[in-house]
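What you see below is based on every heavy atom in this structure, not just the backbone, and it leaves out hydrogens, waters and symmetry mates. Protein chains get the first letters and strands the later ones, always in sequence-line order, with residue 1 at the start of each. Keep in mind it's a predicted model, so treat the numbers as computed, not measured.
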There are 2 protein chains.
Amino acid sequence: MVTIADVARAAGVSPSTVSYVLSGKRSISESTRRRVHHSIRKLGYHPNAGARALASSRSNVLALVVPLRTDLNVPVVMQFVTGTVAEARRYDHDVLLVTADEGADGLHRVAASSLADAIIVMDVEAAEPRVPVLTSLARPAVLIGVPDDPQGLACVDLDFTAAGAECVTHLADLGHRDIALIGPSPAVYERGTSYAGRFLRGFQETAADRGVDAATLACVPSYDGLRAVLDDLLARPRPATGLVVHNEAILGPLLSELARRGRLVPEDISVLAVCPPDLAEAQSVPLSSVDIPATELGALAVELAMRQLDGLAEPEVRLLPPRLTVRSSTGPAVA
Amino acid sequence: MVTIADVARAAGVSPSTVSYVLSGKRSISESTRRRVHHSIRKLGYHPNAGARALASSRSNVLALVVPLRTDLNVPVVMQFVTGTVAEARRYDHDVLLVTADEGADGLHRVAASSLADAIIVMDVEAAEPRVPVLTSLARPAVLIGVPDDPQGLACVDLDFTAAGAECVTHLADLGHRDIALIGPSPAVYERGTSYAGRFLRGFQETAADRGVDAATLACVPSYDGLRAVLDDLLARPRPATGLVVHNEAILGPLLSELARRGRLVPEDISVLAVCPPDLAEAQSVPLSSVDIPATELGALAVELAMRQLDGLAEPEVRLLPPRLTVRSSTGPAVA
DNA sequence: TTGAAAGCGGTACCAA
DNA sequence: TTGGTACCGCTTTCAA
């Protein structure tokens, strides 16, 4: 293994000089810098991560806690992950994967062993049990999602309340007087998942404001679950003419089931999705949608973590404004 | 921070004794062990990962290289990941996420810096360009997938050749004389993805053996792509009565499109999928399928990596035999 | 069965 | 602008 001493010897300087060339923490003459860099390349030197972590008390690793739940939309989770990894690399950091099933122990482990410098947590609940653990850790933490009481932790998320409102506004503006929200799985609501509740609230409050009749149903992400919801919805005295779907997994089934029942989208019924844009575009009818900017949120989480590590900023709650893209699935309400 | 010296002092022993209690590398009297463990718990001691890695030249971290391609089935990728992480934890290791877009540099980085002890690589191509890099790394590597020339690297995968054969056998045994393979995206074939070609080969060879007429088509994972494939397939003089689908993303659309065209499954046409069981069960018609044991393969990859790290075993190619589960989507061919 | 101490490969302080 | 070196916390050899 090539060490910093090897490089120093080859370049005719001291190890500390090599270290400073690499870190840029003190000024180096141009000629020295060149000689050192040359030796580094020639020898194929890579600083030993463990030694560096030990000496600097910085591992340059971010821990990312990912959920394993099957009722979450996996592609969206993966987008968070890739957004996080890509941005971490831009800051010369790596990402360590911790699964949520390790619970508080996992957080303690990576923090106390100095495996990771900061922790990013996904799938946050309203009454998030990991908040007290994270605050006790003496390491920066960033939540992707907003608990009811963040206790000073940094949070990033889509402004789901505003997103719910925007969905209602869009349909109401198109003249829909009867709308419905097809939400995530009941399990998601039951465990108080942060985004589900906020979206629901924005949806309901705005519906009330606009005087729109709004049904709300959770939906098990399966054909049977969907059929039950549709049976319920369409049998009502004044069935909804506009559907807001906050459940990525049933978008495809919903469209085929509507087709099967002879309902044209958007002529007979409008469908507005909350999902990543690529998913909205891939459906049989390109769906109008409010974007879930998962990649961007992952990157933003890294940014907030880095700021805290650099001591440049206090933790903050950062909500991204929703963006609604009109495609082919929403239109005026039929008279 | 609590160090091993603090624990040693509290327990009235030397640091080396604490270390040996933890590693189990030499025998310790029961009373000493108890005192040490007690102090560890009382002080909340967690060994510093960097120091440990430096002294032992073992980071207890596995690097996992994940693909970012959108033409792969993301849930399956995620199952590999979770299988890997879970098994790694059982060996007291953590998993560092490296994205494939870093290419060979990423591999060098994690290996040369001793960030990771071993590397697991997903999304392997037949002419896998990372094979020479990995062999040059002087660290164990495990491929999830089998390149044409593994050059002595360890590989784990489903036996896709046998899987292709088994699919044909199942349909032929049911009396189908005209079958078709709806495969992955053309892009997957074009880049020579290892599993796609092997499955195709097993499919075609067995069809020839059984004297079955077998069409094979790649399918862009979208509604349009699927419609094009179905148009082609169903317009043929002797349309297939049995479909083998090696493309998770279009299973849902396929079933709804078949329904739209008035074809009953399995009465008019049999559908046999290659996918994880949960996906097969979640369709509108529970699909007969050959399992993709992604979680198991992830775990197996870890196991092979650990064996190599312990010097217990040479790299090997390990292919899991396919398992076909008959559900409701395959039946006898109509006369 | 246990202890003392020499590293592991960097970082950053103190000098020059 | 650069060099010397103590030290980060743990592992492991050598000795007892």
Side-chain angles (χ1 to χ4, degrees), chain A residues 1-37 39-40 43-61 92 94 109-117 309, chain B residues 1-37 39-40 43-61 92 109-117 309-310:
Chain A
M1 165 177 256
V2 185
T3 73
I4 201 170
D6 299 326
V7 174
R9 210 170 305 121
V13 298
S14 75
S16 56
T17 296
V18 176
S19 177
Y20 283 119
V21 165
L22 252 20
S23 71
K25 288 187 180 172
R26 78 180 183 193
S27 55
I28 302 282
S29 75
E30 189 48 37
S31 78
T32 301
R33 179 201 317 287
R34 240 199 311 276
R35 285 209 318 288
V36 168
H37 273 132
S39 301
I40 287 176
L43 300 179
Y45 169 68
H46 285 260
N48 181 288
R52 178 173 265 186
L54 179 57
S56 66
S57 15
R58 284 285 222 115
S59 64
N60 274 35
V61 166
D92 193 31
D94 273 280
R109 186 170 57 79
V110 297
S113 66
S114 293
L115 245 184
D117 297 330
L309 281 173
Chain B
M1 163 177 257
V2 184
T3 73
I4 202 171
D6 298 326
V7 174
R9 210 170 305 122
V13 299
S14 73
S16 58
T17 296
V18 176
S19 177
Y20 283 118
V21 166
L22 253 19
S23 69
K25 288 188 182 172
R26 78 178 182 194
S27 54
I28 302 282
S29 74
E30 189 48 38
S31 78
T32 301
R33 181 203 315 287
R34 240 201 309 278
R35 287 209 317 288
V36 168
H37 273 130
S39 301
I40 286 177
L43 300 179
Y45 169 69
H46 285 259
N48 180 288
R52 177 173 266 189
L54 179 58
S56 66
S57 14
R58 284 285 222 114
S59 64
N60 274 35
V61 166
D92 193 30
R109 186 170 57 79
V110 297
S113 65
S114 294
L115 244 184
D117 297 330
L309 282 173
D310 295 345

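At a threshold of 4.0 angstrom between heavy atoms, the contacts of Ser57(B) with the nucleic acid are absent. Among the atoms of the strands shown, base atoms are found under 4.0 Å from some heavy atom of Ser19(B). If you check every strand for non-hydrogen atoms under 4.0 Å, Thr17(B) touches sugar and phosphate atoms only. No contact: Val18(A) has no heavy atom under 4.0 Å from any strand. Among the protein residues, Thr3(B) comes within range of the sugar-phosphate backbone only, with heavy atoms under 4.0 Å from sugar or phosphate atoms but none that close to a base.
Annotation: of the two residues near DNA chain C, Ala55(B) and Ser14(B), the 5′-most nearest-nucleotide partner is Ser14(B). Checking Ser16(B) against Gly50(B), the closest nucleotide of DNA chain D that is more toward the 5' end is the one next to Gly50(B). Take the nearest nucleotide of DNA chain C for Ser31(B) and for Ala51(B): the residue whose nucleotide is more 5' is Ser31(B).
Considering every non-hydrogen atom in both Asp92(A) and Asn60(A), the closest pair reads O-ND2, 3.1 Å.
One can place CG of Leu54(B) at 13 Å from C1' of dA6(C), the figure rounded to the nearest angstrom. Counting to the nearest Å, the C1' atom of dG3(D) and the CZ atom of Arg9(A) are 15 Å from each other. When the C1' atom of dG9(D) is taken as reference, atom CZ of Arg58(B) falls 19 Å away, rounded to whole Å. If you take CG of Asn48(A) and P of dT11(C), they are 10 Å apart, rounded to a whole angstrom. In this structure, the CG atom of Leu22(A) is 14 Å from the C1' atom of dA12(C), given to the nearest Å. Distance Ile28(B) CD1 to dT12(D) P: 13 Å, rounded to the nearest Å. Distance Arg35(B) CZ to dT1(C) C1': 12 Å, rounded to the nearest Å. If you measure from atom NZ of Lys25(A) to atom P of dT1(D), you get 18 Å, rounded to the nearest angstrom.
Neither OP1 nor OP2 of dG9(D) sits under 4.0 Å from any side-chain N or O of Arg52(B). Residue Ser56(B) places none of its side-chain N or O atoms closer than 4.0 Å to OP1 or OP2 of dT11(D). The phosphate of dA4(C) (OP1 or OP2) has no side-chain N or O of Tyr20(B) nearer than 4.0 angstrom.
Relative to the side chain of Tyr45(A), the nucleotides dT2(C), dG10(C), dG3(D) differ in distance, and dG10(C) lies closest. Minimum atom distance to the side chain of Ser29(B) is reached by dT1(C), of the listed dG3(C), dT2(D), dT1(C).
Counting heavy atoms from C-beta on, the side chains of Tyr45(B) and Asp6(B) never come closer than 4.5 Å. The closest side-chain heavy-atom distance from Ile40(B) to Leu22(B) is below 4.5 Å.
In this structure, Asp94(A) contributes its side chain and Val61(A) its backbone to no donor-acceptor pair below 3.5 Å. The backbone N or O of Ala49(B) sits nowhere less than 3.5 Å from a side-chain atom of Ser113(A) that would complete a donor-acceptor pair.
Ser14(A) and Thr17(A) are linked by a side-chain donor-acceptor pair at a separation below 3.5 angstrom, with hydrogens and angles left out of the test.
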